[in-house]
Amino acid sequence: MLDLIKQSADFIKSELPETPKMAITLGSGLGEFKKRLADIKAIPYENIIGFKRTSVAGHTGELIFGKIGSTPVICLSGRYHAYEGHDQDQIVFPARVMKFLGVKYLLLTNAAGGINTDYNPGDLVVIKDHINMTGKNPLVGENLEELGPRFPDMSNAYNKDFREIINSAASECEIKIKSGVYVGVLGPTYETPAEIRMFKTIGADLVGMSTVPEAIAAHHCGLIVGGISCVTNMAAGIKDEVLAHDDVKEQAKKVTETFSTLVEKIVSKI
Ligand code: HPA
């Protein structure tokens with residue numbers, strides 16, 4: 001596995017003009033950020049060793065290198081989800097490759113359901129912590145010592161300093177941003193109202209089907225991890241609504257400009 005990660009990083013390195021400082025995983029409906037990049041170089045996932053095609057219709061996934069001002073960044077446009085049948089190694093492969101590329105910061109973004117009733121669809125939320133309810137963990141199996149320790153501490157997984165950078169970027173852009181705990185689930189079903197009541201009781205503010213495995217593996221290998229959720233809907237049972245993926249994507253698209261302005265500012269501050 002480690003060899004494949006290194007080969008993949010070596011290949012990407014050979015294609016890029018310089019080392020990206022930050023990688024940004026773009027969540028559902030948040031892909032427009034890539035339009036803010038200058039000096040773009042895009043590589044389809046299918047051309048990169050160890051990256052499989054992502055199965056979302058019409059998107060094979062691509063890695064996009066570019067610059068925000070003078071800062072080189074890389075966008076991971078398209079991610080692997082466990083509900084698609086990808087194993088944990090595949091889901092966290094891009095994050096680990098980022099480490100070997102020399103990237104320092106990984107910003108994970110996603111669409112999420114709002115559990116906290118102070119949230120509204122369209123809100124942006126800094127993830128301060130997570131609860132792993134996926135039933136899986138990407139670090140199960142032999143520990144890759146070269147990446148990190150067998151039993152990693154998770155108390156600062158969503159790095160506090162990085163969260164402060166995100167918050168101050170938001171306030172400089174006059175973008176309201178909230179803070180919350182993300183509970184990660186396997187999916188692909190949306191949750192039942194009873195599950196959402198349980199998640200609320202155990203301290204979750206947001207729910208989604210991504211981010212948790214990548215955050216674990218990235219933190220394990222020493223990347224500085226941050227997370228931003230876009231609340232696309234209120235979670236099951238909170239309002240009398242039926243949840244649909246098209247509505248989730250539609251809502252994320254509505255905030256994609258604000259989101260992009262925020263991420264641009266974050267990049268300029270790292
Ligand atoms: N539940 C799980 N994942 C999600 C949701 C949700 O309500 N909204 C967007 N992704």
Side-chain angles (χ1 to χ4, degrees), residues 24-33 54-59 61 76-86 88 91-92 107-138 158 177-216 226-256 258-260 262-263:
I24 305 140
T25 302
L26 297 173
S28 293
L30 301 172
E32 294 283 296
F33 171 72
T54 52
S55 64
V56 181
H59 291 279
L76 292 156
S77 179
R79 60 149 55 100
Y80 306 108
H81 299 92
Y83 63 74
E84 295 167 303
H86 291 295
Q88 295 285 298
I91 295 167
V92 303
L107 180 62
L108 298 164
T109 73
N110 61 50
I115 298 175
N116 186 327
T117 48
D118 291 341
Y119 296 168
N120 293 299
D123 281 351
L124 295 173
V125 180
V126 188
I127 301 175
K128 63 178 173 192
D129 203 349
H130 78 215
I131 300 172
N132 182 2
M133 293 294 273
T134 66
K136 300 183 178 212
N137 190 304
Y158 297 83
I177 194 156
K178 294 174 178 168
S179 164
V181 174
Y182 177 97
V183 57
V185 294
L186 181 60
T189 48
Y190 288 115
E191 301 66 43
T192 63
E195 286 164 346
I196 294 300
R197 285 194 298 276
M198 173 183 72
F199 293 153
K200 192 178 173 73
T201 305
I202 63 174
D205 299 299
L206 299 149
V207 57
M209 304 174 195
S210 67
T211 302
V212 161
E214 294 116 302
I216 292 171
I228 300 175
S229 289
C230 167
V231 178
T232 50
N233 57 280
M234 293 315 288
I238 292 190
K239 286 196 178 150
D240 192 15
E241 312 175 316
V242 174
L243 305 183
H245 184 56
D246 284 343
D247 299 336
V248 165
K249 279 190 298 187
E250 211 40 55
Q251 181 60 47
K253 276 190 189 148
K254 283 189 194 157
V255 293
T256 195
T258 310
F259 166 83
S260 301
L262 173 61
V263 176

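In each ligand, atom 1 is the first atom listed, and ligand 1 is the first ligand listed. Values below: all heavy atoms of this structure, side chains included; hydrogens, waters and symmetry mates excluded. It should be emphasised that the depicted structure is a prediction, and the values quoted were computed from it without experimental measurement.
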Visitor: Is Y190 in polar range of ligand 1, meaning some N or O pair under 3.5 Å apart?
Guide: no
Visitor: Do any nitrogen or oxygen atoms of L243 come within less than 3.5 Å of a nitrogen or oxygen of ligand 1?
Guide: no
Visitor: Any atoms of ligand 1 less than 4.0 Å from a non-hydrogen atom of E191? List them with their elements.
Guide: 1 (N), 2 (C), 6 (C), 7 (O)
Visitor: Side chain, backbone, both or neither: which applies to A112 and ligand 1 if a contact is any heavy-atom pair less than 4.0 Å apart?
Guide: backbone
Visitor: Would you say I228 and L30 make side-chain contact, with heavy atoms under 4.5 Å?
Guide: no
Visitor: Write out the residue and atom name of the closest protein heavy atom to atom 5 (C) of ligand 1, then the distance separating them to 0.1 Å.
Guide: G113 N, 3.4 Å
Visitor: For atom 10 (N) of ligand 1, what is the nearest protein heavy atom, given as residue, atom name and distance?
Guide: A111 O, 3.4 Å
Visitor: Does ligand 1 have a heavy atom under 4.0 Å from the side chain of T232, from its backbone, from both, or from neither?
Guide: side chain
Visitor: My understanding is that we take every heavy atom of each candidate and find the minimum distance to atom 7 (O) of ligand 1. Doing that for N233, D247, I115, V248, which one comes out nearest?
Guide: N233
Visitor: T211 pairs by side chain to side chain donor-acceptor pair (under 3.5 Å) with which of N110, T109, T25?
Guide: N110
Visitor: Any donor-acceptor pair under 3.5 Å linking the side chain of Y182 with the backbone of S210?
Guide: yes
Visitor: Do M133 and M198 come within less than 4.5 Å of each other through their side chains, counting heavy atoms only?
Guide: yes
Visitor: So which heavy atom in the protein is nearest atom 3 (N) of ligand 1, and how far is it from that ligand atom?
Guide: G208 CA, 3.4 Å
Visitor: Quick one: which of D118, D123, N116 gives a side chain to side chain donor-acceptor pair (under 3.5 Å) with K178?
Guide: D123
Visitor: Are any non-hydrogen side-chain atoms of D205 and V125 less than 4.5 angstrom apart?
Guide: no
Visitor: P213 and side chain to side chain contact (heavy atoms under 4.5 Å, CB included): which single residue from H81, K136, Q88 fits?
Guide: Q88
Visitor: What atoms of ligand 1 come closer than 4.0 angstrom to any heavy atom of M209?
Guide: 2 (C), 3 (N)
